[in-house]
**Student:** 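One structure is given below, represented as structure tokens, and several questions about it will come after.
Both backbone and side-chain heavy atoms feed into the values below; hydrogens, waters and symmetry mates do not. The sequence lines fix the lettering, A, B, ..., with proteins before strands; numbering per chain opens at 1.
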2 protein chains.
Amino acid sequence: MKQPLHERIRSDFEARILSGELLPGARLPTELELMRDYDCARMTVSKALSALVAAGLIDRRKRAGTFVARPRVHSMVLDIPDLEQEVLQRGQRYHFELFNREVRTPDPAHPDEAALAGEGELILLEGVHFADDVPLAVEARLISLSAVPDIAASAFQGASPGAWLLKHVPWTEAETRIAAVPADRNVAARLHLALGSACLFVERRTWRGDEGITLVRQHFVGSAYDLIARFGSARRPSDG
Amino acid sequence: MKQPLHERIRSDFEARILSGELLPGARLPTELELMRDYDCARMTVSKALSALVAAGLIDRRKRAGTFVARPRVHSMVLDIPDLEQEVLQRGQRYHFELFNREVRTPDPAHPDEAALAGEGELILLEGVHFADDVPLAVEARLISLSAVPDIAASAFQGASPGAWLLKHVPWTEAETRIAAVPADRNVAARLHLALGSACLFVERRTWRGDEGITLVRQHFVGSAYDLIARFGSARRPSDG
DNA sequence: TCTGAAATTATGTCTATACATTAATGAGCG
DNA sequence: CGCTCATTAATGTATAGACATAATTTCAGA
């Protein structure tokens with residue numbers, strides 16, 4: 001076995017916890033005991049246990065010891081769709097059609113707009129995403145001009161503003177709301193749907209630090225689009 | 001400064017990467033350089049960088065060095081609703097009404113059922129979630145009896161099987177599909193909706209290791225329910 | 001009996017060092 | 001020119017020990 005020792009210790013306990021042999025709340029041996037069990041230094045044991053803490057499988061308390069964590073998993077990772085990539089991956093052609101573009105100051109009647117841009121100017125982009133010339137989604141996007149000054153130059157005919165933004169202005173915070181709504185008059189017309197058809201509605205706000213970047217509202221053709229979220233115990237994105 | 005040094009190093013680089021100062025592919029200083037920069041031992045630097053590897057922010061290659069990781073998957077955390085908690089938190093009464101319960105062997109015509117339970121038996125639970133006696137969602141849930149033998153004893157009248165399962169059988173892998181669908185005859189009747197009303201459809205499969213646990217399909221009243229997903233630089237449990 | 005201080009114990013951080021492993025580099029040879 | 005092989009620069013694993021920190025337990029004094 002060329003497997004590192006700390007990894008062996010880690011996976012030993014991962015297996016015992018996942019198998020149910022060690023139940024939530026059960027106490028693990030102390031580092032001193034594990035040093036003897038595996039005949040190694042304390043740092044090695046510590047590294048193994050730290051990884052299990054990072055994976056959320058155990059909790060450690062000074063003086064008290066190390067315990068199997070209560071199952072806490074109430075969340076999973078939702079991939080944010082890059083529509084263009086997904087459409088292309090399905091072997092279809094993609095294009096984006098802009099049908100409105102205006103620059104304006106936040107309308108006090110819309111608290112969203114003030115929240116996004118404060119006193120600064122906004123640009124509003126409205127367009128439709130197509131897969132093989134069939135409309136897939138309509139989006140209305142507000143972008144804060146102070147956060148993204150370069151945007152005035154971009155045309156967004158054919159390419160999606162979402163993908164452009166991702167490349168040029170990475171966000172650090174985001175919030176997404178997902179709901180099912182009936183198509184209103186405008187949406188139905190843009191997507192060639194019957195009035196009241198089920199649409200997947202996605203509203204996302206993104207920030208970079210404290211500064212609002214964009215607020216987008218997308219209506220997907222219900223029958224043509226799913227969101228997928230996954231959670232796996234694979235070595236996972238957070239150290240915590 | 002009571003913050004550990006390795007944590008300070010970690011968060012320094014996390015900030016520089018998230019802010020865009022260090023672009024994907026950019027090379028970080030070597031451990032030797034960082035030892036000098038932070039005036040500390042190599043193990044301390046190593047611990048900080050290991051955490052960033054675990055977080056997926058950097059890649060490390062022997063002899064070559066440490067680099068900002070390539071295209072970060074843009075994903076965010078989706079909270080999995082515990083319906084009972086959410087309804088209670090909104091100040092409403094919650095109850096669950098079971099209208100069907102049967103035990104059977106997987107139907108070969110439904111690949112889902114075989115995939116879930118293999119040769120073993122399944123239990124099918126169908127019921128409706130209520131908030132203040134108004135139907136909020138209807139769910140159909142398949143559970144593998146071999147994964148959850150205790151379930152035969154539970155009645156699930158009033159309490160939701162989802163919450164029961166979470167407490168008794170924590171999962172390790174899950175996949176969720178989210179879509180907008182029109183209410184069919186059955187769903188419309190159960191939720192007191194017009195035929196074709198927009199519903200948020202959530203389908204979730206969960207596993208424990210390789211063993212399938214449950215497959216649930218939920219239809220939410222579109223006008224009454226949202227899912228929320230968030231991403232923030234908020235630290236996970238182990239960080240300060 | 002209650003209270004607060006001290007001892008105890010387990011984890012948390014850090015150092016300094018050693019050797020292993022991997023892969024980019026470059027020198028020498030055909 | 002292109003191949004092979006040794007060199008070497010970087011990370012990866014591990015040790016042994018020191019001191020820090022937190023929480024529980026114990027115990028002395030009011």
Side-chain angles (χ1 to χ4, degrees), chain A residues 1-14 16-17 22 24-70 234-236 238-240, chain B residues 1-14 16-17 22 24-70 235-240:
Chain A
M1 305 253 186
K2 41 172 38 196
Q3 196 185 14
L5 181 53
H6 68 81
E7 171 59 19
R8 200 186 119 212
I9 300 175
R10 191 200 64 74
S11 64
D12 277 2
F13 280 94
E14 181 190 63
R16 293 175 66 186
I17 291 169
L22 292 170
R27 182 169 176 176
L28 271 62
T30 66
E31 294 187 343
L32 216 69
E33 290 166 322
L34 288 173
M35 287 172 64
R36 285 199 297 268
D37 292 353
Y38 288 92
D39 189 28
C40 68
R42 201 180 134 221
M43 280 292 308
T44 305
V45 169
S46 175
K47 188 164 190 177
L49 296 184
S50 296
L52 290 171
V53 169
L57 286 176
I58 62 172
D59 292 324
R60 314 188 73 192
R61 295 204 317 278
K62 286 173 189 167
R63 170 70 223 242
T66 301
F67 303 86
V68 178
R70 310 268 159 198
R235 224 46 356 6
R236 138 21 208 62
S238 69
D239 63 355
Chain B
M1 316 270 175
K2 43 174 33 193
Q3 195 183 355
L5 181 53
H6 67 82
E7 169 59 19
R8 199 186 119 212
I9 300 174
R10 190 200 66 73
S11 65
D12 276 2
F13 281 94
E14 180 191 65
R16 293 176 65 186
I17 292 169
L22 292 170
R27 181 168 176 176
L28 272 63
T30 67
E31 294 188 341
L32 215 69
E33 291 167 323
L34 289 173
M35 287 172 64
R36 286 199 297 270
D37 292 352
Y38 287 94
D39 188 30
C40 67
R42 204 181 132 220
M43 280 292 308
T44 305
V45 169
S46 174
K47 186 164 190 175
L49 296 184
S50 296
L52 290 172
V53 168
L57 286 176
I58 62 173
D59 293 323
R60 314 189 72 194
R61 294 203 320 279
K62 286 173 191 169
R63 171 68 223 245
T66 301
F67 304 86
V68 177
R70 277 299 165 193
R235 293 280 63 67
R236 332 308 184 205
S238 82
D239 322 44

**Student:** Mind calculating the distance between NZ (B/Lys47) and P (C/dG12) to the nearest angstrom?
**Tutor:**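 Going from NZ in B/Lys47 over to P in C/dG12 covers 8 Å.
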**Student:** Provide, to the nearest angstrom, the distance between the CG atom belonging to A/Leu5 and the P atom belonging to D/dG12.
**Tutor:**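 Computing the A/Leu5:CG to D/dG12:P distance gives 17 Å.
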**Student:** Rounded to whole angstroms, how far apart are CD on A/Glu31 and C1' on C/dT13?
**Tutor:**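 Distance check: A/Glu31 CD to C/dT13 C1' gives 11 Å.
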**Student:** How long is the line joining CD1 of A/Ile58 and C1' of C/dG12, in whole Å?
**Tutor:**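 Value for this atom pair: 13 Å.
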**Student:** Can you tell me how far P of D/dA14 sits from CD1 of A/Ile9, to the nearest Å?
**Tutor:**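 Rounded to whole Å, this separation is 8 Å.
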**Student:** Rounding to an integer number of Å, can you tell me how far A/Glu7 CD sits from D/dT13 P?
**Tutor:**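 Value for this atom pair: 9 Å.
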**Student:** Nearest whole angstrom, please: distance from the P of C/dA10 to the CG of A/Leu34.
**Tutor:**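 Nearest whole value for this atom pair: 12 Å.
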**Student:** Within the pair B/Thr44 and C/dT15, is there a side-chain N or O less than 4.0 Å away from OP1 or OP2?
**Tutor:**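 Looking at the OP1 and OP2 atoms of C/dT15, one of them is under 4.0 Å from a side-chain N or O of B/Thr44.
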**Student:** Over all heavy atoms of both residues, which pair between B/Ala69 and B/Pro24 is shortest? Give the atoms and the distance, please.
**Tutor:**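 Heavy atoms of B/Ala69 and B/Pro24 come nearest at O-CB, 3.6 Å.
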**Student:** What pair of heavy atoms forms the shortest contact from B/Arg10 to B/Ala51, and how long is it?
**Tutor:**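 Heavy atoms of B/Arg10 and B/Ala51 come nearest at CD-CB, 3.5 Å.
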**Student:** Using whole Å, report how far NE2 of B/His6 lies from P of D/dA20.
**Tutor:**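 Taking atom P of D/dA20 as the reference, NE2 of B/His6 is at 16 Å.
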**Student:** Return the polar atom pairs (N/O with N/O) between nucleotides 17-26 of chain C and the protein under 3.5 Å, or none.
**Tutor:**
residue	atom	partner	partner atom	Å
C/dA24	N3	B/Arg63	NH1	3.0

**Student:** Can you find a heavy atom in the side chain of A/Gln3 that is under 4.5 Å from one in the side chain of A/Ser11?
**Tutor:**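 They are in side-chain contact.
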**Student:** Which pairs would a plain distance check flag for residues 54-66 of chain A, meaning a side-chain donor or acceptor within less than 3.5 Å of a matching protein atom at least two apart in sequence or in another chain?
**Tutor:**
residue	atom	partner	partner atom	Å
A/Arg60	NE	A/Thr66	OG1	3.2
A/Arg60	NH1	A/Glu31	OE2	3.3
A/Arg60	NH2	A/Glu31	OE2	2.6

**Student:** Which sits closer to the 5' end of DNA chain D, B/Arg27 or B/Ser46, going by the nucleotide each is nearest to?
**Tutor:**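 The residue whose closest nucleotide sits nearer the 5' end is B/Arg27.
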**Student:** How about B/Tyr38 and B/Thr44: do any of their side-chain heavy atoms sit closer than 4.5 Å?
**Tutor:**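 No - every pair of side-chain heavy atoms lies 4.5 Å or more apart.
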**Student:** Can you find a heavy atom in the side chain of B/Leu49 that is under 4.5 Å from one in the side chain of B/Leu52?
**Tutor:**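 Yes, side chains in contact.
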